[in-house]
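Positions are given from 1 along the sequence. Atom set for the values below is all heavy atoms of this structure, side chains included, hydrogens, waters and symmetry mates excluded.
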Amino acid sequence: MKTPLYISGLGSHLPDVMSAERAVELGLYDPEDYEWYGWTGATVAGDLSAPDMAVLAAREAIERSGRAPHDIDLHMHSGSWKQGPVGWSAHQYVLRNITDRDIPSYNVWQACNGTMSGMELAASYLMAVPERTEALLTGADNLGTPDFNRWSFGLQNGVLGDGATAVLLSKHEGFARLMAIKTVSTSDLEHLYRGEEPLVPTAIDNRTKVDFRERMAAVGEGAAVEWMVTRQGDLRAETALATLAEAGIGPEDVTRVTHVFTARDAYLKVILDPIGVDPDKGLGDFGHGWGHLTVNDQIMGLEHLVETGQVGPGDHVLMVGHGGGTTITIIVVRIEYSPAWSSRNPSPANTTQPAKAASGTSSYQRIRIAPNVASGQARLEDGQ
């Protein structure tokens, strides 16, 4: 789908890092996996929740955009793991702490492809009605739950990190043009992540350890992974080439690529060679010290490329996302100009732009950031 939209703001929040060596010492990380995958650490949020991190990332994205919270017409939130109490609307919590407008807020679950695929839904929402102009997307995960060990995820990437990102889409103006976007599914692979787990009764507590290796082993782990890689690889390349064509460019016009963080160089060849893009245009070892950040990798990668000046006006960024063995999203972005927070910007201070004050409203009036003495991390609390 071609779009007339722009990316006007990006934001992120990363908590402190636990080193891989420390995880091995604590018995959390298998020494052989440590040697094989090459991760140096993972971000660990502790008691800072995923929705709270999403609020922090959203505030940064809005401030950088020069918009006001009251300008937002739609909010979408994604995460791959539990966001809080069962039955609770985490996305509405994020919205409550961003704006007092009674706009729609949706939870988008597509495993690690939630934010990427959500951008297509948000773009469609904005394009459907002329009066709709701004959409905010947030993504966040805190994987520090008793039923999961971030150091033994094992599938493809090995280690998972906590964090949050935010994207503000706009009809009016932005530093990057959202040229084309396309999402597809491989529903024939859904059972690989299900294994022999029963659908009823559902496991809703923290007493049962989640082990995706065991689930895939139930359907033949080696063959299952090979099938998933081949099936998704073929569709990913086909979708990427189609999306590039919709954007009016070819693989040779791609300047850089953002993708799932991985500590294995071979992964970049697997996803980019079939598209005809040099693997060196990927992010390389960026993210080695954080882990795979679930729904946030591609957005964090784009922010990094812009902020460090590795892309500038006229450059094209190919964003490649997939999640849970069943969903793929491809996005093509063209950089229009270097924003104030980019190292390419000649502004001496090179700081973020303050959000415009909206008439009759106050920005972020519902939250304050308080230190958590026990963990040394920030915590969002209700306040004036």
Return the NE2 to CD1 distance between His322 and Ile330, rounded to the nearest 0.5 Å.
10.0 Å
Hey, what do you get for CD (Glu238) to OG1 (Thr243), rounding to the nearest 0.5 Å?
10.0 Å
So with a 6.0 Å cut-off around CG of Asp265, is the heavy-atom count from everything else above 12?
no
Shortest non-hydrogen pair, Gly163 vs Pro15, comes out as CA-CD, 4.1 Å
Measure the spacing between CG of Leu48 and CG of Asp162 and express it to the nearest 0.5 Å.
9.0 Å
Are Ile72 and Val129 linked, directly or through intermediate hydrophobic residues, by side-chain heavy-atom contacts shorter than 4.5 Å (ILVMFWY only)?
no
Less than 3.5 Å apart, any donor N or O on the side chain of Ser117 or Gln110 sitting next to an acceptor on the other?
no
Would a distance-only check, ignoring hydrogens and angles, find a side-chain to backbone donor-acceptor pair under 3.5 Å from Ser185 to Ser187?
no
Begin from the C-alpha positions of Thr327 and Thr183 and carry the test side chain to side chain contact (heavy atoms under 4.5 Å, CB included) through to its verdict.
CA-CA 7 Å; Thr327 174; Thr183 299; 3.9 Å; yes
Could I get the full list of ring-ring contact (aromatic ring centres under 6.0 Å, His included) partners for Phe286, not counting sequence neighbours?
Phe261, Trp290, His304
Is any side-chain heavy atom of Val306 less than 4.5 Å from a side-chain heavy atom of Phe175?
yes
Scan side-chain atoms only and decide if Thr145 and Trp81 contain a donor-acceptor pair under the 3.5 Å cut-off.
yes
Closest non-hydrogen contact found for Gly38 with Ala263 is C-CB, 3.8 Å
Can you find a heavy atom in the side chain of Lys82 that is under 4.5 Å from one in the side chain of Asn142?
no
Under 3.5 Å donor-acceptor, Asn107 side chain and Ser89 backbone:
no
Intermediate values then yes/no, side chain to side chain contact (heavy atoms under 4.5 Å, CB included), Asp100 and His70:
CA-CA 7 Å; Asp100 57 5; His70 199 72; 3.6 Å; yes
Give a yes or no on whether Lys182 atom NZ has more than 12 heavy-atom contacts from other residues, nucleotides or ligands under 6.0 Å away.
no
Write down the atom of Gly289, the atom of Thr40, and the distance for their closest heavy-atom approach.
CA-OG1, 3.1 Å
Determine the minimum heavy-atom distance between Leu268 and Pro279, stating which atoms define it.
CD1-O, 3.7 Å
Does any non-hydrogen side-chain atom of Gln298 lie less than 4.5 Å from one of Val167?
no
Check ion pair Arg67-Glu134 (N to O, under 4.0 angstrom):
yes
Does a salt bridge link Asp73 with Arg101, judged by any charged N lying under 4.0 Å from a carboxylate O?
yes
Would you say the side-chain atoms of Ser105 and His77 include a donor-acceptor pair closer than 3.5 Å?
no
Would you call the rings of His288 and Trp39 parallel, tilted or perpendicular if under 30° counts as parallel and over 60° as perpendicular?
perpendicular
Thr255 side chain to His316 main-chain N or O, any donor-acceptor pair under 3.5 Å?
yes
Can Leu283 and Leu305 be said to form a side chain to side chain contact (heavy atoms under 4.5 Å, CB included), step by step?
CA-CA 9 Å; Leu283 293 171; Leu305 292 175; 3.9 Å; yes
Distance-only polar pair, side chains of Ser342 and Asn345, donor-acceptor under 3.5 Å:
no
Measuring from Leu318:CG to Leu272:CG, what's the distance to the nearest 0.5 Å?
7.5 Å
Measure from the side-chain N and O atoms of Asn296 to the backbone N and O of Leu293, and report whether any donor-acceptor pair falls under 3.5 Å.
yes
Hey, does the side chain of Lys171 reach the backbone of Arg132 with a donor-acceptor pair shorter than 3.5 angstrom?
yes
With the side chain counted from C-beta on, respond yes when Met18 and Tyr29 share a heavy-atom pair under 4.5 Å apart, and no when they do not.
no
Any side-chain to backbone donor/acceptor pair from Thr3 onto Leu178? Under 3.5 Å, distance only.
yes
Going by ring-ring contact (aromatic ring centres under 6.0 Å, His included), name the residues that satisfy it together with Trp88, two or more places apart in sequence or in a different chain.
Tyr93
Do Asp297 and His259 pass the side chain to side chain contact (heavy atoms under 4.5 Å, CB included) test, and can you show the C-alpha distance, the side-chain angles, and the key distance before you say yes or no?
CA-CA 6 Å; Asp297 289 355; His259 46 78; over 6 Å; no
Expected output: side-chain Asp141 to main-chain Leu143 donor-acceptor under 3.5 Å:
no
More than 12 non-hydrogen atoms from neighbouring residues, nucleotides or ligands closer than 6.0 Å to CD on Glu252, yes or no?
yes
Any heavy-atom pair between the side chains of Val257 and Val317 that's under 4.5 Å?
no
For the pair Ser343 (side chain) and Thr308 (backbone), establish whether a donor and an acceptor sit closer than 3.5 Å, ignoring hydrogens and angles.
yes
Of all heavy-atom pairs linking Ala111 and Gly323, the shortest is CB-C, 3.7 Å
Is there a donor-acceptor pair closer than 3.5 Å between any side-chain N or O of Thr115 and the backbone N or O of Val295?
yes
To the nearest 0.5 angstrom, please state how far the CD atom of Glu307 sits from the CH2 atom of Trp341.
6.5 Å
Are Leu126 and Met116 connected in a single hydrophobic cluster, I mean Ile/Leu/Val/Met/Phe/Trp/Tyr linked by side-chain heavy atoms less than 4.5 Å apart?
yes
Smallest separation among heavy atoms of Ala140 and Ala164, with atom names:
CB-CB, 3.6 Å
What's the spacing between Ile62 CD1 and Leu10 CG if we round to 0.5 Å?
12.5 Å
May I ask you to test the Glu60-Ser12 pair for a side-chain heavy-atom distance under 4.5 Å?
yes
Would you mind reporting whether Arg150 and Val44 have side-chain heavy atoms less than 4.5 Å apart?
yes
Check: Met300 and Thr258 side chains under 4.5 Å, non-hydrogen atoms:
no
Are more than 12 heavy atoms, taken from residues, nucleotides or ligands other than Lys2, located less than 6.0 Å from that residue's NZ atom?
no
Taking only Lys NZ, Arg NE, NH1 and NH2, and the carboxylate oxygens of Asp or Glu, determine whether Glu197 and Arg194 approach each other closer than 4.0 Å.
no
Group every Ile, Leu, Val, Met, Phe, Trp and Tyr by side-chain heavy-atom contacts under 4.5 Å, then state whether Tyr6 and Ile249 land in the same group.
no
Could you check whether any side-chain N or O of Trp109 sits under 3.5 Å from a backbone N or O of Gly79, counting only pairs where one atom can act as donor and the other as acceptor?
yes
